[in-house]
Number of protein chains: 2
Amino acid sequence: MISAEPYLKTQRVAQALGVSVSTIKRWVDSGMIQAARTVGKHRLIPFSEALRLAREQGFPEANLALLSGLASRPREQGDAGSPVDCLERLLREGKRTEARSFLQAYYRSGVGAVGLADDLIRPVMERIGHGWMVGSLDIYQEHEATETLTSGLRELVTRLGPGRPEGPLALGATTEGDPYVLPGLLGELVLLELGWRVRNLGINLPLRSLAVATLKHRPRLIFLSASYIRNEDEFVKEYRSFHESVAAVGAAVIVGGQALGPSLRSRLLFAGHGDRMAHLAEFARRFSPPAESPMLGDAGL
Amino acid sequence: MISAEPYLKTQRVAQALGVSVSTIKRWVDSGMIQAARTVGKHRLIPFSEALRLAREQGFPEANLALLSGLASRPREQGDAGSPVDCLERLLREGKRTEARSFLQAYYRSGVGAVGLADDLIRPVMERIGHGWMVGSLDIYQEHEATETLTSGLRELVTRLGPGRPEGPLALGATTEGDPYVLPGLLGELVLLELGWRVRNLGINLPLRSLAVATLKHRPRLIFLSASYIRNEDEFVKEYRSFHESVAAVGAAVIVGGQALGPSLRSRLLFAGHGDRMAHLAEFARRFSPPAESPMLGDAGL
DNA sequence: GATCGAATCGTCCAAATCGTCCATTCGATC
DNA sequence: GATCGAATGGACGATTTGGACGATTCGATC
């Protein structure tokens with residue numbers, strides 16, 4: 001269960017990040033952490049800010065469990081094996097609540113959205129997909145696994161909040177005919193964690209419509225997931241038209257997904273491509289705080 | 001009614017501002033917050049005061065709306081008209097956070113899952129769908145609206161929890177080729193509220209696989225939503241095979257969705273049919289022992 | 001109108017945070 | 001090796017906050 005505690009005090013954040021209270025206070029005062037103040041001048045740090053800082057600064061030993069008020073979970077039954085093994089087992093057995101708890105506990109352990117996506121969810125869903133192919137799993141089990149993960153990820157997305165109001169904007173979408181929600185959700189999570197504002201337009205979106213949204217919202221980044229493409233030639237044609245709108249507003253496109261093999265990619269124009277969320281994160285970092293954030297100027301951390 | 005209750009109690013404000021109840025009481029007593037009193041000395045804090053405090057503390061307004069589980073908003077902007085009008089406007093304008101808050105506030109106002117589904121979400125989505133048809137809305141806006149509602153509904157589902165362990169089991173699914181997630185989520189919400197355990201197998205599920213799941217989990221009820229059917233004859237054939245499995249475990253099937261017109265329905269065997277969630281609820285009540293409804297209170301967030 | 005659980009009341013005190021100052025540490029530079 | 005600037009961690013009294021307590025009020029239900 002996700003803690004309902006929305007704001008953290010200095011000591012909590014200090015413990016979580018492994019620094020002193022004084023340092024947290026100084027970081028807040030210098031603007032590195034955006035925090036509100038109580039009438040009595042106490043600092044209130046939004047959960048999302050603490051989490052963003054923890055990931056951005058790359059605290060490997062950050063005890064993110066403290067951020068959520070989550071006591072370190074004792075090893076329960078079923079925790080044997082690697083995290084991937086464990087989650088796969090829970091999903092196969094249809095243990096939704098347990099799977100969701102495990103998912104969120106894993107996230108809290110400090111791996112961040114990228115680790116969650118690339119090291120846990122992706123391999124698990126590959127295995128489940130494989131099990132479905134070879135017949136050891138029924139379709140409904142694959143559906144149920146997706147449903148469970150979707151539910152857990154949406155909870156995390158909601159928890160991370162709408163993003164920083166002044167953060168750069170990213171649009172996310174999945175191509176027409178593509179029914180896979182998980183990549184879009186994971187992308188949203190990754191970018192939220194990096195301080196972006198994200199509008200995830202969901203699955204099965206025609207590129208024409210994504211172009212309209214691009215012109216209207218003028219994002220700095222667009223992440224497009226394509227796990228399935230009905231007609232490649234038609235897709236390429238629509239993509240080129242779409243890319244004109246993108247160029248018009250100066251946005252960057254990063255594409256991903258199994259459907260975009262090398263041959264197809266060679267016919268498209270985009271700023272980045274990646275199979276993993278790590279690629280998306282790396283890419284986004286180059287685009288996120290270059291101009292406006294004074295926080296990186298003083299600290300070469 | 002959504003627009004009643006112009007005052008907030010101490011606890012609400014405390015949660016919204018991220019401080020304790022004691023602090024709110026002290027602030028009111030010291031005059032920092034102007035508040036009225038009931039005859040029994042309870043503090044009544046005008047929403048505008050809470051809003052002012054939130055601004056002074058430096059929190060974005062959206063946070064306040066989200067965290068206070070807002071049952072009422074000031075009439076400043078946007079709340080004019082019926083709840084349907086209001087939610088439609090928020091969705092059209094892409095105000096996700098506000099729309100989600102509104103959705104949840106509406107639910108908390110006591111209408112229950114059935115009222116939420118039939119009186120708010122269904123008409124709103126009909127309007128949005130209509131706007132898309134006539135071209136006043138782009139596809140991405142329809143997608144975004146669905147995305148927003150999905151997110152809000154999932155949050156409610158998660159909070160209603162996995163259902164009572166001893167409650168009767170229901171399976172939910174949406175037919176193959178049907179991409180609409182909302183009916184399934186609403187059905188899940190309705191049944192959870194009635195004390196059922198629910199396994200929602202999600203969209204785009206072949207009936208063959210639903211049959212397998214039925215044999216394995218042996219539910220008492222199956223709710224099947226069909227907004228789109230590719231091939232009616234094939235569907236009828238598969239449905240009959242599916243219904244054998246259903247009969248084998250003694251489950252009841254209730255079907256719904258636009259795709260199931262009268263002519264098609266006459267060819268199918270089911271225990272119930274309904275266009276509205278009220279039908280599903282009524283039907284489910286007959287199949288489950290009288291259960292107290294675990295309506296979600298204000299303590300959810 | 002009577003009843004009952006949940007929320008709030010007022011009051012109290014321990015605990016946490018405030019701002020400030022200073023010693024220490026760590027690189028970079030001279 | 002010495003020096004300097006920047007960042008950190010800890011200590012100080014003053015202030016603010018959070019939680020506990022029994023009594024009271026609210027609100028929903030019968």
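Chain letters run A, B, ... following the sequence lines, proteins first and then strands; every chain starts at 1.
- The side chain of A:R43 contributes an N or O atom lying less than 4.0 Å from OP1 or OP2 of C:dG19.
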Identify each atom pair where a protein N or O and an N or O of nucleotides 23-25 of chain C are less than 3.5 Å apart, giving names and distance.
none

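- The side-chain contact (heavy atoms from CB on, under 4.5 Å) test applied to A:V39 returns B:W27, B:M32, B:L53, not counting sequence neighbours.
- Taking atom CZ of B:R12 as the reference point, atom P of D:dC26 lies 18 Å away to the nearest angstrom.
- Distances shown here put every side-chain N or O of B:R37 at or beyond 4.0 Å from the OP1 or OP2 atom of D:dT25.
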Q | side chain to side chain contact (heavy atoms under 4.5 Å, CB included) between B:E155 and A:E155, worked out | A | CA-CA 7 Å; B:E155 201 171 339; A:E155 202 171 339; over 6 Å; no
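- Taking a pair as Watson-Crick or G-U wobble with both distances under 3.5 Å, the runs of three or more consecutive pairs in DNA chain D are C:1-30 with D:1-30.
- Annotation: B:E126, atom CD; neighbour count of heavy atoms from other residues, nucleotides and ligands within 6.0 Å is above 12.
- Rounding to the nearest 0.5 angstrom, the gap separating the CG atom in B:L185 from the CD atom in A:E147 is 6.5 Å.
- Between the CG atom of A:D29 and the C1' atom of C:dC18 there is a distance of 10 Å, given to the nearest Å.
- The CD1 atom of A:I254 sits 5.0 Å away from the CG atom of A:L280 when rounded to the nearest 0.5 Å.
- Rounded to whole angstrom, the span from the CG atom of A:L17 across to the P atom of D:dG9 amounts to 11 Å.
- The distance from the CG atom of B:L153 to the CG atom of B:L186 is 5.0 Å, given to the nearest 0.5 Å.
- Legend: residues meeting side-chain contact (heavy atoms from CB on, under 4.5 Å) with B:A35, ordered by chain and number and at least two apart, are B:V28, B:I45.
- Note: A:E282 CD to A:R276 CZ = 15.5 Å, rounded to the nearest 0.5 Å.
- Contacts of A:S151 classified as side-chain contact (heavy atoms from CB on, under 4.5 Å), with partners at least two apart in sequence or in another chain: A:R100, B:R154, B:T158.
- Remark: B:Q15 CD to B:L8 CG distance equals 11.0 Å, nearest 0.5 Å.
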Identify all pairs in which a protein N or O lies below 3.5 Å from an N or O of nucleotides 16-20 of chain D, and state each distance.
residue, atom, partner, partner atom, Å
D:dT17, OP1, A:G40, N, 3.2
D:dT17, OP2, B:W27, NE1, 3.3
D:dG18, OP1, A:K9, NZ, 3.3
D:dG18, OP2, B:S20, N, 2.8
D:dG18, OP2, B:S20, OG, 2.8
D:dG18, OP2, B:T23, OG1, 2.4
D:dG18, O5', B:S20, OG, 3.4
D:dG18, N7, B:R26, NH2, 3.1
D:dG18, O6, B:R26, NH2, 3.3
D:dG19, N7, B:S22, OG, 2.6
D:dG19, O6, B:S22, OG, 3.0

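- In this structure, CG in B:N200 is found 9.5 Å from CG in B:L171, a value given to the nearest 0.5 Å.
- Taking atom CD1 on B:I24 and atom P on C:dG10, their separation rounds to 14 Å, with Å as the unit.
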